[in-house]
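Notes follow once the structure below has been shown.
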Amino acid sequence: MSQFSIPCAVYRGGTSRGIFFVKSSLPEDAQLQKKIFLHGIDAYNVNQINGLGSGTSHTSKVCVISQSLLDGVDVDYTFYQIGIGEEIIDDKGTCGNLMAAVGAFAVDEGLVIAKPSIDYVNVSVFNTNIKKKLQLKVPVVNGKARVSGDYVMPGVSGTGAQFTVDILNPGGAKTGKTLPIDVLFSMETDRRAYEVSFVDVVNPFVYVAANDLGVKGTEPSSELAMNEGLLAEIEAIRSRMAIHAGMAKSLEEVAGSVPKITLVAEPQDYVTSGGKLIRKEEVDIVARMLSMGKFHRTFAGSGLYNLAAAALLQGTIPNRFAVAKDGVQGQIIRIGHPEGIAEVRVSLTEDGKDVASVGLDRTARRIMKGDLYIPE
């Protein structure tokens with residue numbers, strides 16, 4: 001036999017797409033699992049032509065789901081970011097967009113039972129990557145995850161059913177603290193000095209002012225991606241901050257997936273990649289993020305959670321630029337990204353110094369279910 005097969009499904013969740021496996025369907029051998037993930041996505045080719053990826057960070061993803069042994073939790077969710085042209089399987093971060101698809105997958109696979117008579121089912125999820133509990137409200141019809149609806153999500157054409165995702169106590173997943181090195185940190189690259197913020201909420205993110213890098217923060221991602229000097233400087237900041245935050249001991253040890261990095265700017269008029277004019281009055285902050293060394297086409301779900309939280313944490317770089325109500329524990333932060341506006345729920349702790357919860361509404365759908373073939 002030249003190939004072997006394993007059952008899987010492909011889901012879109014938010015603006016990400018990934019291969020989903022039930023954990024019990026995977027072999028226990030770690031090396032064989034690694035082979036399945038790398039070949040399934042095709043980490044070996046930059047265009048991922050020989051697998052189910054498509055050469056972008058938001059489609060080079062794998063999720064493994066299992067019924068949970070934890071009290072009050074329905075399923076466990078483990079996320080893997082797969083390399084693009086590199087044999088990388090990175091489980092150090094998570095994917096906020098695909099969290100909605102985890103709820104859909106759990107219902108569709110019967111890991112969570114939804115009675116045919118109900119419209120929504122609550123799914124409790126433990127994300128093993130960040131050791132955090134998620135609360136999902138999954139729309140259902142006839143006992144399966146609903147796809148059609150009237151919810152509009154920037155970055156995905158058309159409308160869909162509205163999934164609600166909330167992450168409880170999201171801070172400190174990787175470093176132990178929401179702000180592991182205070183609200184502001186002065187650092188230097190070979191080029192110049194910067195003031196940055198490092199915020200560990202869902203995934204760890206580094207924030208730098210767009211104007212400190214000589215850009216407005218509203219440029220199309222395609223334009224920013226052509227600036228090799230800009231990309232190199234951003235990576236220098238990200239890598240050095242990973243060391244300062246204790247996530248790596250040397251530049252060689254810095255993971256490709258986390259920390260991620262985002263350029264932020266004050267609200268201003270800009271045009272989306274689809275040609276829509278966004279007025280500055282419609283947003284609370286403008287941002288452009290990078291993932292795996294490339295500007296994100298839209299914005300990672302984990303980045304939306306993190307940025308909204310950072311916008312409320314007094315003294316951070318995002319807080320400096322955001323139109324946010326300081327001292328208000330719970331509010332909606334409107335983030336202007338390359339394809340539109342995302343609205344994120346944020347609730348602070350009573351003392352206002354940490355994050356109690358973050359939440360997003362997404363859409364999700366199953367694209368296919370079948371057998372994935374892996375070369376022997």
Side-chain angles (χ1 to χ4, degrees), residues 11-18 20-23 58 61-81 91-109 111-114 120-140 145-146 151 153 161-174 178 199-205 258 260 299-309 330 333 342-349 354-366:
Y11 277 75
R12 178 192 58 78
T15 54
S16 291
R17 190 184 73 224
F20 282 63
F21 298 96
V22 175
K23 186 176 181 180
H58 46 279
K61 301 172 183 284
V62 166
C63 299
V64 178
I65 316 299
S66 64
Q67 288 192 311
S68 182
L69 299 177
L70 299 174
D71 291 339
V73 178
D74 296 310
V75 296
D76 293 339
Y77 154 50
T78 303
F79 168 75
Y80 299 93
Q81 183 74 53
D91 64 353
K92 294 180 175 62
T94 191
C95 179
N97 271 300
L98 286 182
M99 289 174 180
V102 170
F105 182 82
V107 171
D108 290 339
E109 291 295 316
L111 300 173
V112 172
I113 303 301
Y120 287 91
V121 62
N122 293 316
V123 179
S124 179
V125 179
F126 182 73
N127 188 178
T128 64
N129 306 87
I130 59 174
K131 305 295 189 294
K132 299 295 180 181
K133 188 175 179 179
L134 322 175
Q135 293 288 358
L136 312 182
K137 185 178 180 182
V138 179
V140 293
R146 179 185 290 273
Y151 183 71
M153 205 192 75
Q162 185 174 359
F163 288 68
T164 299
V165 181
D166 287 288
I167 307 174
L168 310 180
N169 303 310
K174 291 301 173 185
T178 298
V199 182
D200 185 1
V201 170
V202 185
N203 277 335
F205 271 74
V258 288
K260 299 184 187 299
F299 217 90
S302 63
L304 294 173
Y305 293 127
N306 193 304
L307 178 52
I333 299 296
E343 297 186 348
V344 189
R345 296 182 297 277
V346 186
S347 177
L348 296 182
T349 55
D354 208 342
V355 185
S357 67
V358 288
L360 270 175
D361 294 336
R362 305 276 85 180
T363 63
R365 81 175 185 95
R366 172 178 279 182

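Position 1 is the first residue of the sequence; numbering continues from there. The structure presented is a predicted model; accordingly, all values stated were derived computationally and were not measured.
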Practice task
Answer yes or no: is there a donor N or O on one side and an acceptor on the other, between the side chain of Asp74 and the main chain of Ser124, under 3.5 Å?
Solution key: yes

Exercise for the section: Can you measure from OG (Ser66) to OH (Tyr77) and round to the nearest 0.5 angstrom? Expected result: 13.0 Å

Practice task
Consider only side-chain N and O atoms of Asp166 and Ser357, and report whether a donor and an acceptor are under 3.5 Å apart.
Solution key: no

Handout entry: Heavy-atom side-chain contact between Gln162 and Pro139 under 4.5 Å
Key = no

Exercise for the section: With rounding to the nearest 0.5 Å, note down the distance linking OG1 in Thr15 to CG in Leu98. Expected result: 9.0 Å

Completion exercise
Output for pair (Gln135 CD, Ile167 CD1), nearest 0.5 Å, gives 11.5 Å

Exercise for the section: Test Thr94 against every option in Asn127, Asn203, Thr128 by the side-chain hydrogen bond (donor to acceptor under 3.5 Å, both in side chains) rule and name the one that passes. Expected result: Asn127

Practice task
Search all heavy atoms of Asp76 against all heavy atoms of Leu69 and return the closest pair with its distance.
Solution key: OD2-N, 4.5 Å

Handout entry: Straight-line distance of Arg12 CZ to Thr363 OG1, nearest 0.5 Å
Key = 3.5 Å

Handout entry: For the student: nearest non-hydrogen atoms of Val64 and Tyr80, plus distance
Key = CG2-CE1, 3.8 Å

Exercise for the section: State, yes or no, whether a side-chain contact exists between Phe21 and Val62 at a heavy-atom distance under 4.5 Å. Expected result: yes

Handout entry: Electrostatic pair Arg345-Asp361, nearest N-O below 4.0 angstrom
Key = yes

Fill in the blank from the handout: The single option from Lys92, Lys61, His58 that satisfies side-chain hydrogen bond (donor to acceptor under 3.5 Å, both in side chains) with Gln81 is Lys61

Problem - Gap between atom CE of Met153 and atom CZ of Phe163 - 0.5 Å precision - result: 11.5 Å

Problem - Lys132 side, atom NZ; Tyr305 side, atom OH - distance, nearest 0.5 Å - result: 14.0 Å

